[in-house]
There are 2 protein chains.
Amino acid sequence: MKMSDRKKRILQIVVDEYINSAVPVSSKAITEKHLTDVSSATVRNELASLEELGYLTQFHTSGGRVPSPQAYRFYIEELMQRGNLSSADLDYISEAFSNKTGDVEHLIRSVANVISDLTDYTSVAVGPNAEEERIRSMTLLPCGDGRALLVIITGSRILRDNFIEIPETMSDADVGNASSMLCKLFCGKALSEAREVETAALGEFGQYRQVMAEVIEALKSYARPREEDIVLAGAEKIFNHPEYEDIGNVKNFLSVISSKDKIAEIVGDEDDEIQINVKIGSSEDKDMPDDCSVVTATYSAGGKNLGTYGVIGPIRMDYSKVIAVLENVGKVLEELVNGKNKEKKEKDHE
Amino acid sequence: MKMSDRKKRILQIVVDEYINSAVPVSSKAITEKHLTDVSSATVRNELASLEELGYLTQFHTSGGRVPSPQAYRFYIEELMQRGNLSSADLDYISEAFSNKTGDVEHLIRSVANVISDLTDYTSVAVGPNAEEERIRSMTLLPCGDGRALLVIITGSRILRDNFIEIPETMSDADVGNASSMLCKLFCGKALSEAREVETAALGEFGQYRQVMAEVIEALKSYARPREEDIVLAGAEKIFNHPEYEDIGNVKNFLSVISSKDKIAEIVGDEDDEIQINVKIGSSEDKDMPDDCSVVTATYSAGGKNLGTYGVIGPIRMDYSKVIAVLENVGKVLEELVNGKNKEKKEKDHE
DNA sequence: TGTTAGCACTCATTGCCTTCAAGTGCTAAC
DNA sequence: GTTAGCACTTGAAGGCAATGAGTGCTAACA
């Protein structure tokens, strides 16, 4: 069966209405508020047909219709009005990032907060993959107790730190030497390249050998996102949505968002090509609760990955608003990063 | 009215029963399970009297009695059986900390997890105040873009979240010099002392003056506990307790625990003299929900403050178990830290 | 004077019934 | 293809009686 234009229009009305009201939509409501030129009986026929096509479901015969996950997908792709943000919202975004300095950890947190505030959903964020970041500096700082702290700084000020065991025989000066040796070896390389240095080849490093092996071990731990790079904002926002008056749903939701692993799983496996990604219900990700959707966007600017950001909330989500927020935050972020680069380049030219 | 021994015994039974069952306790239940030598009528008289004294309340005439906050306080101080942990629990604790390396941030998280797992409540932890920690090393690492990262290593932690603006005119070597100058100036001092160095007195530092001023500014940010030092574990555990089948309670609870500020407030204002601290209901802390209790302990070992740890949960909390867990975790932690010190001293002697 | 049996009373819970309203599906007419 | 009309379904809400747990009070007892 082909989808007539009227069917599409009706489906759009149902989804819009349901997103707004959280109440199953009846034929009467449709003809009264939107399609005033046909009768409710006509709409009823169309609704029955849309139900057959799998776009709508009914809880019980006398209860109006509710969109299925399939309907939401279709809605997002074809039917949704792509809204723009109010200028107040836009101002809020630019202001929030206006004087952001510091490293990515802080940036991630601010972005998550802004997204949660504007959308009224719980937001999730996973920092950029450090894999391809080039190492700017690598330092070993002795800190007593036979240990040294390995600090790695990369281009976007991602820093990683690990403790390295230092042999008793190494003096602080030795550690300093090892440190500059490390820097010579690894600076300018990407983390992923650095990691691949063969441990065996390090035999020649004499007394530093053990230290070097540990450094490589540490580098391996950077393959996965760190706990600190997975953040959550506005968890309490779910209570603003009626589906979470049910304790069971809250339970499911909380069990997911209180595990960083699960968040990483849900947000993580992005296809970098697609800017906005929508997952609806549990069918698309085993870690997701049945009644949840996740909308994420992966940001980048100046060729640099800035991380993946998004919201998690009920399937009945205001996709239009959420997508608008994600897009605009992305834009501002990009301008910010590029603007800074530009500024810097201009300075360099003087 | 004086509390007879029998009254105390009955009150103890009521609180124990209620903590176990979450069901209001009736006179019949008491005489059947515990006080078999008196009749329920006698117990009824006592219950009425305990109610008059403010220890018990009734929701309705035919509903059994429930302890009041006052009863819990009395129970904790005088009535509670101070239980010991099972050997399985004790093993679990020792194992959890057996190979903990790394800085305080990691320690805080493990401790919070252990406490939450053993008590089945949500646990909260606020790391030790960095104020009195002695600075072991202080380093400025250049990271391009006119910035350097200030890394401070103290006895038990690494502080590395302040970027310092570096004047264009400073080369990396200059930054290195500034770095060693900082170290000379501040190493061995406590953070709180270091912070008090007069900015004005730094005029003599020439081109480093601005940098020095910024470093002092940065030091000031460590006066309050940092967000990273306030952690939460097992948020989803509240659903294991029947009071949180009510969505309103969950809402209150979540609104508190999703704000680090509020957690710090509730956990924070400890009297260091008292090892275990119990707050029951909202009367003791305006930030706390009416129906919540918080039990915390401030740990220290070898003269060093290790932070404040505890659980937050319903007023009807298994105080005996919670306190036992907190005490034992404290002991193991102390042994761990002292053990290490001892080990180290022995090594130093060789 | 403290304890207890007995009994009337209170009140939440449960199940059952009715009524009500919302919404549908179907049919026949347009 | 559209629509009016109507029977049918179903959840929500309200009333009502039965149930049962638990209490408070009184009078008798040791």
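Everything numeric here is computed off the predicted structure, so don't read it as measured data. Each chain gets a letter, A, B and so on, in the order its sequence line appears, and its residues count up from 1.
- In this model, the phosphate group of C/dA21 is not approached by any side-chain N or O of A/S62 to a distance below 4.0 Å at OP1 or OP2.
- Protein atom NE2 of A/H60 is 16 Å distant from nucleotide atom P of C/dA21, rounded to whole Å.
- In this structure, D/dG15 and C/dC16 make a Watson-Crick or G-U wobble pair, each of the two defining distances being under 3.5 angstrom.
- Look at A/D291 and A/R316 and you find no salt bridge, because none of the NZ, NE, NH1 or NH2 atoms lies under 4.0 Å from a carboxylate O.
- Put simply, the side chain of A/T61 and the base of D/dT9 share no donor and acceptor less than 3.5 Å apart.
- When distances run from any side-chain atom of B/E51 to the nucleotides D/dT2, D/dG24, C/dT24, the shortest one goes to D/dG24.
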Legend entry - side chain to side chain contact (heavy atoms under 4.5 Å, CB included) assessment of B/H241 paired with B/M317: CA-CA 9 Å; B/H241 307 283; B/M317 185 184 276; over 6 Å; no
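- Dashed line: the shortest gap from a side-chain N or O of A/S26 to OP1 or OP2 of C/dA22 is not under 4.0 Å.
- Note on A/K33 versus A/D16: no salt bridge recorded, every NZ/NE/NH1/NH2 to OD/OE distance being 4.0 Å or above.
- Considering only side-chain atoms of B/N45, the nucleotide from C/dC11, D/dG11, C/dT4 that sits closest is C/dT4.
- Note that OG1 of A/T42 and CG of A/L47 are 10.5 Å apart. Values are rounded to the nearest 0.5 Å.
- Counting heavy atoms from C-beta outward, B/L53 and B/K7 have side chains that approach closer than 4.5 Å.
- Of the candidates C/dG25, D/dA21, D/dT2, the closest approach to any side-chain atom of A/R6 belongs to D/dT2.
- To the nearest 0.5 Å, the span separating CG on B/L326 from OG1 on B/T298 amounts to 10.0 Å.
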Please list each protein N or O that sits under 3.5 Å from an N or O in nucleotides 5-9 of chain C, with the distance.
unit_1: C/dG6; atom_1: O6; unit_2: B/R44; atom_2: NH2; d: 3.4

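- Protein atom CG of A/D37 is 17 Å distant from nucleotide atom P of D/dG1, rounded to whole Å.
- One interatomic measurement links the two molecules: CD of B/E17 to P of D/dG22, which rounds to 11 Å at whole-angstrom precision.
- The residue among B/V38 and A/P24 whose nearest nucleotide of DNA chain C is located toward the 5' end is B/V38.
- Here A/I276 contributes atom CD1 and A/I323 contributes atom CD1; the two are 5.5 Å apart, rounded to the nearest 0.5 Å.
- If you measure from atom NZ of B/K28 to atom P of D/dG20, you get 12 Å, rounded to the nearest angstrom.
- Figure legend. C/dA28 is base-paired to D/dT3; pairs are counted as Watson-Crick or G-U wobble with both atom distances under 3.5 Å.
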